[in-house]
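The next block holds one structure in the form of structure tokens; read it before the comments.
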Amino acid sequence: APLSPVPKTFRSALADPNWRAAMEEEHAALLQNQTWDLVPRPRHANIVTGKWIFKHKFLADGSLERYKARWVLRGFTQRPGVDFAETFSPVVKPATVRTVLSLALSRKWPVHQLDVKNAFLHGTLTETVFAAQPSGFEDPAHPDFVCPLNKSLYGLKQAPRAWYSRFATHLVSLGFVEAKSDTSLFIYRRGTDMAYLLLYVDDIVLTASSAQLLRQVISALQQEFAMKDLGELHHFLGMQVQRNADGMVLSQRQYMLDILDRAGMAECKPCTTPVDTNPKVSADSGAPVADPSDYRSLAGALQYLTFTRPDIAYAVQQVCLYMHDPREPHLAALKRILRYIRGTLHLGLHLRPSTLDDLVVYSDADWAGCPDTHKSTSGYAVFLGDNLVSWSSKRQNTVSRSSDEAEYRAVANGVAEASWLRQLLHELHTPLRRAILVYCDNISAVCMSSNTVQHQRTKHIEIDLHFVREKVAMGAVRVLHVPTTSQFADVFTKGLPSSVFSEFWSSLNVRG
């Protein structure tokens, strides 16, 4: 049967049996969850109104999964300090996801994905919030009554935090420990039994040292929440996970196709690199683009694509610098990224089983590359065993007086990330046995990391950067020189010729 289009009005949704069934299912779930009570409207109470939101839910291959209707409250009508207080809710970091998957893959642990039905509806509110009854489902005996909420609802400003607090509290009661390095990672350990759970709002990845322990954890969660076991991990956060003989490939093919379609470039001519080798573009060169909102939307979408595509990290970082005032040359650079994506839809991040005994960091900097501010661009790549688990391409906050200083700042960024990953691995009960190796292609920066006497070059550098020296002195980090031809982080700081670029991205485990 053809797809029923997303209705533009509530009345048109009522007239379509597919969308009406979706609304009835949602309303039944709200009542079953005892989300609210019905009471007469209190005097001087702020009543938060809502509306029905309709959406098609698709499978990883693009086929229709179901019609989804949600009753969403208008959170902007809430009063701060009265209807809500704290709203922040953590989500798992991408580097944590890649690290946990690398560990599970190397240990041959089963990895499952779980889906919580109406996740936000499980959150328990600490504030008193009155909401209007859902449109079309008003109580016939009391149509003017309002709903004091017992549980959170979509659209409430505190809904994500309420859900996270409720879920985290239940996991702790089951024996899990919340990781300090990433509070959306939960770790269970009893003797030789171990399990890791990753939480990203209502998407959950669970891996355990045995299939029996995995089933026990899932069963315990299902007793508390309306949760479905979706089987082996195959689709997470818009990311496809494909198993093969060499490990697994994380890709976002469907997401890439959606971006190209949104930009009207589904049939564009591909190119071999995402950015040219010319100097960086100035902020005020060229005429302003006709539609800045469209530019910002596409640039933001490309940012999320770097979850599995480190090869476009530098190019995306460059176009994101000009979101506040995009110009035609910036738009041309963005379209070049899209053309590159069009020719590399088959690529993704490859993870494979390996010995996970060491962290290796490659750091690089492009000194004073910004034509407007003369700030440098830092980049690093962090490998856990053979797997790339973290990377960055970012403009430095301050102007460096020399290339040595710019490279030293890049080393400091890489060491900070690797130190965090070291702590994460310790909490995952996988402590590193050796020092972190940091490779830099600037000999002076290597010397600065261990020599405290180079006064003229280093006395103006901020104190916080010299924590690298402390790590080196403690033996936790070793900073070594690497030739530029073997500097994998080069791809995060500048545009490279196509022959050199393809060699680098294959070294970053970007494969089909």
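Each residue takes its place number in the sequence, starting with 1.
- A distance-only check finds a donor-acceptor pair linking the side chain of Asp16 to the backbone of Asn18 [under 3.5 Å].
- The closest donor-acceptor contact from the side chain of Tyr67 to the backbone of Ser4 lies under 3.5 Å.
- Within a 6.0 Å sphere centred on CD of Gln34, other residues, nucleotides and ligands contribute 12 heavy atoms or fewer.
- In the model, Asp258 has a side-chain atom that pairs as donor or acceptor with a side-chain atom of Gln254 under 3.5 Å.
- At least one donor-acceptor pair under 3.5 Å links the side chain of Arg339 to the backbone N or O of Lys269.
- Proximity of the aromatic rings of Phe176 and His170 is defined here by a centroid distance below 6.0 angstrom, and this criterion is not met.
- His56 and Trp19 have their aromatic ring centers within a separation under 6.0 angstrom.
- For Arg161 (side chain) and Phe88 (main-chain N/O), a donor-acceptor pair under 3.5 Å exists by modelled atom type.
- Gln113 and His234 form a side-chain donor-acceptor contact under 3.5 Å, judged by distance and modelled atom types alone.
- Pairing each heavy atom of Tyr304 with each of Gln252, the nearest pair is O-NE2, 3.4 Å.
- Within the 4.5 Å cutoff, the side chain of Thr87 has no heavy atoms near those of the Pro160 side chain.
- No donor-acceptor pair under 3.5 Å is formed between the side chain of Asn33 and the backbone N or O of Thr35.
- Cation-pi geometry between Arg190 and Tyr188 is met: the NZ or CZ atom falls under 6.0 Å from the ring centre, inside 45° of the normal.
- For the pair Phe54/Met23, a side-chain contact is recorded, criterion being any heavy-atom separation below 4.5 Å from C-beta on.
- Exactly one residue among Val205, Ile187, Leu221 makes a side chain to side chain contact (heavy atoms under 4.5 Å, CB included) with Leu197. That residue is Leu221.
- Among all heavy-atom pairs drawn from Val319 and Tyr295, the shortest one is O-OH, 2.7 Å.
- A cation-pi arrangement is present between Arg107 and Trp109, with the terminal nitrogen or guanidinium carbon under 6.0 Å from the aromatic centre and inside a 45° cone about the axis.
- In this structure, the separation between CG on Leu351 and CE on Met248 is 6.5 Å, given to the nearest 0.5 Å.
- Minimum heavy-atom separation, Pro42 to Val146: CD-CG2, 3.9 Å.
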### Task
Please assess Thr183 against Glu178 for the test side-chain hydrogen bond (donor to acceptor under 3.5 Å, both in side chains), listing each intermediate value before the final yes or no.
CA-CA 6 Å; Thr183 52; Glu178 187 179 82; 5.4 Å; no
### Task
Evaluate side-chain contact (heavy atoms from CB on, under 4.5 Å) for Ile259 paired with Ile341, printing each intermediate quantity in order.
CA-CA 10 Å; Ile259 295 174; Ile341 289 171; 5.7 Å; no
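- A side-chain N or O of Arg74 and one of Thr49 form a donor-acceptor pair less than 3.5 Å apart.
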#### Entry: Intermediate values then yes/no, side-chain hydrogen bond (donor to acceptor under 3.5 Å, both in side chains), Ser378 and Gln396
CA-CA 6 Å; Ser378 291; Gln396 294 181 359; 2.6 Å; yes
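- Between Leu334 and the options Leu302, Val316, Asp294, a side chain to side chain contact (heavy atoms under 4.5 Å, CB included) holds for only Leu302.
- Tyr255 places a side-chain N or O within donor-acceptor distance of the main-chain N or O of Ala301, the cut-off being under 3.5 Å.
- Remark: side-chain polar atoms of Ser89 are not paired, donor with acceptor, to backbone N or O of Tyr164 under 3.5 angstrom.
- Among all heavy-atom pairs drawn from Pro274 and Ile337, the shortest one is O-CG1, 3.6 Å.
- Leu260 CG to Arg342 CZ: the interatomic distance, rounded to the nearest 0.5 Å, is 7.0 Å.
- Looking at Gln78, its side chain does come within 3.5 Å of a backbone N or O of Asp83 through a donor-acceptor pair.
- The local environment of CZ in Arg79 is crowded, with over 12 non-hydrogen atoms from other residues, nucleotides or ligands closer than 6.0 Å.
- Heavy-atom contacts from other residues, nucleotides or ligands closer than 6.0 Å to NZ of Lys228 number 12 or fewer.
- Atom CD of Gln242 has more than 12 neighbouring heavy atoms from other residues, nucleotides or ligands inside a 6.0 Å radius.
- Counting heavy atoms from C-beta on, the side chains of Glu24 and Phe137 come closer than 4.5 Å.
- Looking at Lys335 and Leu331, their side chains come closer than 4.5 Å, going by heavy atoms from C-beta outward.
- Side-chain atoms of Thr344 and Arg309 form a donor-acceptor pair, as typed in the model, at a separation below 3.5 Å.
- The closest side-chain heavy-atom distance from Arg296 to His324 is not below 4.5 Å.
- No side-chain donor-acceptor contact under 3.5 Å links Thr77 to the backbone of Val48.
- The shortest distance between side-chain heavy atoms of Val249 and Arg511 does not fall below 4.5 Å.
- Remark: Gln212 CD is loosely packed, at most 12 non-hydrogen atoms of other residues, nucleotides or ligands lying under 6.0 Å away.
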### Task
Test ring-ring contact (aromatic ring centres under 6.0 Å, His included) on Phe492 and Tyr314 and set out the steps.
CA-CA 5 Å; Phe492 298 121; Tyr314 167 71; 9.0 Å; no
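- In this model, a donor atom of one side chain and an acceptor atom of the other lie less than 3.5 Å apart for Glu127 and Gln158.
- Taking 4.0 Å as the cut-off between side-chain N and carboxylate O, Arg166 and Glu224 count as a salt-bridged pair.
- Of the N and O atoms on the side chains of Asp229 and His112, at least one donor lies less than 3.5 Å from an acceptor on the other residue.
- Across all their heavy atoms, Ala119 and Trp163 have their closest contact at O-CE3, 3.2 Å.
- For the pair Leu156/Val129, a side-chain contact is recorded, criterion being any heavy-atom separation below 4.5 Å from C-beta on.
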### Message
Pair Arg189, His429 - check side-chain hydrogen bond (donor to acceptor under 3.5 Å, both in side chains), show working.
### Response
CA-CA 9 Å; Arg189 186 181 188 185; His429 306 287; 2.9 Å; yes
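- Atom CZ of Arg98 and atom CG of Leu105 lie 15.0 Å apart (nearest 0.5 Å).
- Here the CG atom belonging to Asp115 is positioned 11.0 Å from the CZ atom belonging to Phe236, to the nearest 0.5 angstrom.
- A donor-acceptor pair shorter than 3.5 Å can be found between the side chains of Ser12 and Thr9.
- With values rounded to the nearest 0.5 angstrom, Ser106 atom OG is found 10.0 Å from Lys108 atom NZ.
- Although no hydrogens or angles enter the test, the distance criterion places a donor-acceptor pair under 3.5 Å between the side chain of Tyr196 and the main chain of Leu428.
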### Task
Determine, stepwise, if the pair Glu427 / Arg422 fulfils salt bridge (Lys or Arg N to Asp or Glu O under 4.0 Å).
CA-CA 9 Å; Glu427 293 191 75; Arg422 186 183 195 121; over 6 Å; no
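- Here the CG-CG distance, from Leu73 to Leu149, works out to 6.5 Å after rounding to the nearest 0.5 Å.
- The shortest side-chain heavy-atom distance between Pro143 and Gln133 does not fall under the 4.5 Å cut-off.
- Two rings, from Trp391 and Phe383, have their centers 6.0 Å or more apart.
- For Pro134 against Trp36, the heavy-atom pair with the smallest separation is CG-CH2, 3.6 Å.
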